[in-house]
Every structure is written in structure tokens, then in C-alpha cells.
Amino acid sequence: MLTRKQYELLMFIHERIRESGVPPSFDEMKDALDLKSKSGIHRLITALEERGFLRRMEKRARALEVTRLPDNMAETARPAATRSQSQRILPSARHGRSADPRHTTPRKAMGDSENSVNVPLVGRIAAGTPIEALQNRINDVPVPSGMIGRGDHYALEVTGDSMINAGILDGDTVIIQEASTANTGEIVVALVDDTEATLKRLRRRGDSIALEAANPAYETRLYGADRVKVQGKLVGLIRRY
């Protein structure tokens, strides 16, 4: 399962090689995915290598080979990423709502209680060191209807223990209400530098935003306000024993 950014980068490289026979440069990849630094591209390429989708050929500049494409890719691949097509973990208002698998009105869970609705489970979110969140619809999660408020919602599986003192454990499923703003003190899905997502308590400190863990083993991370985008607010949690 690839993250949205990993998929976009893989398809961009694939399309460029198919069209010109030459892989794109790191600057071209950075611009295509609308990232602020090439370090994000390095992380994405490493992740694609580890998953067996890319291979770097040693001692050759710009030497990337696409070794395979996603098994569930449609017959016609999505266009390579461009600035206008770049999508985040959640789309902002300028992007249409139809392109993201989470934008599905919750429906009754078949075989479940009449008081339950299905919410799309779209991947994992780090409660620890930020990692890239998945953006592929994996399954539907039946959620008590009383947990769902207005607007769209989605579910994420938690990895890590940095929010343990807030009652959020590794392996829990959190229910997130889509939102682009949050009040200080709320637990949010925060997107950092347009590449990495984490589940943290948000604190506003002047012109900066602190992403605060609920575990003394983890330090609070402070960012400029322009580096952090709120992608949703925690409204519920599901735990299996």
C-alpha cells in the first residue's frame, strides 16, 4: 500500500521515463509534488525502494528505474503529479471533493446496528515521530452514529505511543472529523511541510505552532505556522481487545 505522495512520485517518474527515456531530476520531482525541499523526495524514493517499486542504479546520475507499478493500478494510470494536481492527506477547498476516497457520505454499516455508520479507514497515522500517512481507502469501519457529527469523517490506525497519556494507544483506530482549523489544545491530524503527518495536541504560541505529545518520552515540536496544516480533529476512538 502506497501513500498518496509515494504514488504520485512513482507515477511521475514512470511517465517521465516513458516519455523521454530519462528520469526526472530531484528539482523536477520536488516541483512536481509541490514540496519545499528535496529531503522529502529522498525519503519518498527510499520508501519506494524499500517496497520494491524503484531501484537506484549506482554511480549514475539521475539513475532511477521503475521496477513495478501498484497491483491495483487502473488500466489508465493517473496523470503524473503537477502543481495543480498535487493533493495532501486531505484536500483543501481549492481541490474538488471527488478525488479523495474519504469524501464519501457515511452510510449504514451492512450487518451492523442501525445506530452505526461506515467511515472509510484510509491508513495509518503516527503518534510519535511524524511519518507519512496513507491515503488509500483500505476498508470501512462501523462507528456508532453518536460519534459522528457534521461534515465528513475518516478513520486512521494509530502507530506509536506518544499520545498514550491522552488514552490513545498503539493499534487504536481514531475517528477524525475533517477540518482545516482547530482550537489550541485540541488533538489534530497535522500535516508538516506538506509531506508528513502526525497525531498531536495543537498549541498556538504566537506565530508558531507546537505539536505536543502526551508522553513525557517525546519532546514537543515547534514549527512556524506556515509549516503546519490542520487536516482534521479527533472526535472518537475505537479499540479492539
Side-chain angles (χ1 to χ4, degrees), residues 1-13 24-51 54 64 80-95 99-100 102 122-136 154 156-160 162-163 174 176 178-184 186-214 218-234:
M1 189 72 69
L2 296 181
T3 69
R4 174 73 66 179
K5 285 294 185 184
Q6 289 166 4
Y7 183 94
E8 288 181 346
L9 181 61
L10 179 64
M11 296 312 300
F12 179 66
I13 295 171
S25 68
F26 275 80
D27 283 325
E28 289 171 332
M29 289 185 275
K30 176 178 70 70
D31 291 342
L33 270 68
D34 201 19
L35 300 183
K36 294 182 178 179
S37 70
K38 288 187 282 190
S39 62
I41 296 297
H42 283 283
R43 288 195 295 270
L44 291 172
I45 287 177
T46 298
L48 288 168
E49 277 190 294
E50 292 173 349
R51 288 161 173 79
L54 278 183
L64 292 172
T82 65
R83 285 188 182 271
S84 61
Q85 294 167 325
S86 178
Q87 296 179 5
R88 308 292 174 237
I89 292 172
L90 294 180
S92 62
R94 68 179 181 273
H95 297 303
D100 196 290
R102 279 163 300 194
V122 298
R124 295 183 177 88
I125 184 74
T129 303
I131 61 172
E132 285 193 67
L134 296 171
Q135 191 175 303
N136 294 309
Y154 60 98
L156 290 165
E157 181 183 336
V158 174
T159 64
S162 76
M163 298 302 290
V174 289
I176 305 297
E178 295 185 13
S180 58
T181 61
N183 297 322
T184 190
E186 290 187 302
I187 296 176
V188 303
V189 173
L191 182 67
V192 180
D193 293 334
D194 288 339
T195 59
E196 297 176 320
T198 188
L199 185 72
K200 291 290 183 292
R201 194 177 299 278
L202 181 144
R203 303 282 188 190
R204 299 188 186 278
R205 299 182 180 178
D207 294 332
S208 299
I209 290 178
L211 298 180
E212 181 181 280
Y218 293 83
E219 64 179 10
T220 295
R221 295 177 177 268
L222 194 65
Y223 301 94
D226 62 333
R227 296 181 60 191
V228 177
K229 293 182 175 68
V230 173
Q231 303 289 274
K233 300 188 291 186
L234 177 71

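All values below were derived from every heavy atom in this structure, side-chain atoms included, with hydrogens, water molecules and symmetry-related copies excluded.
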> Which atom names give the shortest non-hydrogen contact between Ile125 and Leu199, and what distance separates them?
Replying inline: CG1-N, 3.8 Å
>> For Gln231 versus Tyr154, what's the shortest heavy-atom pair and its separation?
In response: O-OH, 3.4 Å
> What closest approach, in Å, do Ala182 and Lys233 show between heavy atoms, and which atom pair accounts for it?
Replying inline: CB-CD, 3.9 Å
> Between CG of Leu44 and CG of Leu54, what distance do you get to the nearest 0.5 Å?
Replying inline: 10.0 Å
>> List the residues meeting side chain to side chain donor-acceptor pair (under 3.5 Å) with Glu49, not counting sequence neighbours, and say none if there are none.
In response: Arg56
> Listed by chain and number, what are the side-chain contact (heavy atoms from CB on, under 4.5 Å) partners of Ser208, not counting sequence neighbours?
Replying inline: Leu222
>> List the residues meeting salt bridge (charged side-chain N to carboxylate O under 4.0 Å, His left out) with Lys38, not counting sequence neighbours, and say none if there are none.
In response: Asp27
>> What's the separation between atom CG in Leu33 and atom CG in Asp31, rounded to the nearest 0.5 Å?
In response: 10.0 Å
> For Asp207, what residues pass the side-chain contact (heavy atoms from CB on, under 4.5 Å) criterion, not counting sequence neighbours?
Replying inline: none
> How far apart are the closest heavy atoms of His42 and Phe26, and which atoms are they?
Replying inline: CE1-CE2, 3.5 Å
>> Once rounded to the nearest 0.5 Å, what's the spacing between atom CZ of Arg124 and atom OG1 of Thr3?
In response: 12.5 Å
>> So which atom in Val192 and which in Leu211 form the shortest heavy-atom distance, rounded to 0.1 Å?
In response: CG2-CD1, 3.8 Å
>> Going by the rule side chain to side chain donor-acceptor pair (under 3.5 Å), which residues pair with Arg227 if we only count those two or more places apart in sequence or in a different chain?
In response: Asp193
>> I need the minimum non-hydrogen distance between Lys200 and Ala126, along with the two atoms involved.
In response: NZ-O, 4.3 Å
> Do the side chains of Leu234 and Val188 get nearer than 4.5 Å, heavy atoms only?
Replying inline: no
> Taking atom CE of Met29 and atom CG of Leu64, what is their separation to the nearest 0.5 Å?
Replying inline: 5.5 Å
> What pairs with Ser39 under side chain to side chain donor-acceptor pair (under 3.5 Å), at least two apart in sequence or on another chain?
Replying inline: Ser37
> Listed by chain and number, what are the side-chain contact (heavy atoms from CB on, under 4.5 Å) partners of Ala214, not counting sequence neighbours?
Replying inline: Met163, Asn165, Ala166
> By salt bridge (charged side-chain N to carboxylate O under 4.0 Å, His left out), which residues pair with Arg203, not counting sequence neighbours?
Replying inline: Glu212
> Looking only at atom types and distance, does a side-chain atom of Thr220 sit under 3.5 Å from a main-chain N or O of Ala210, one as donor and one as acceptor?
Replying inline: no
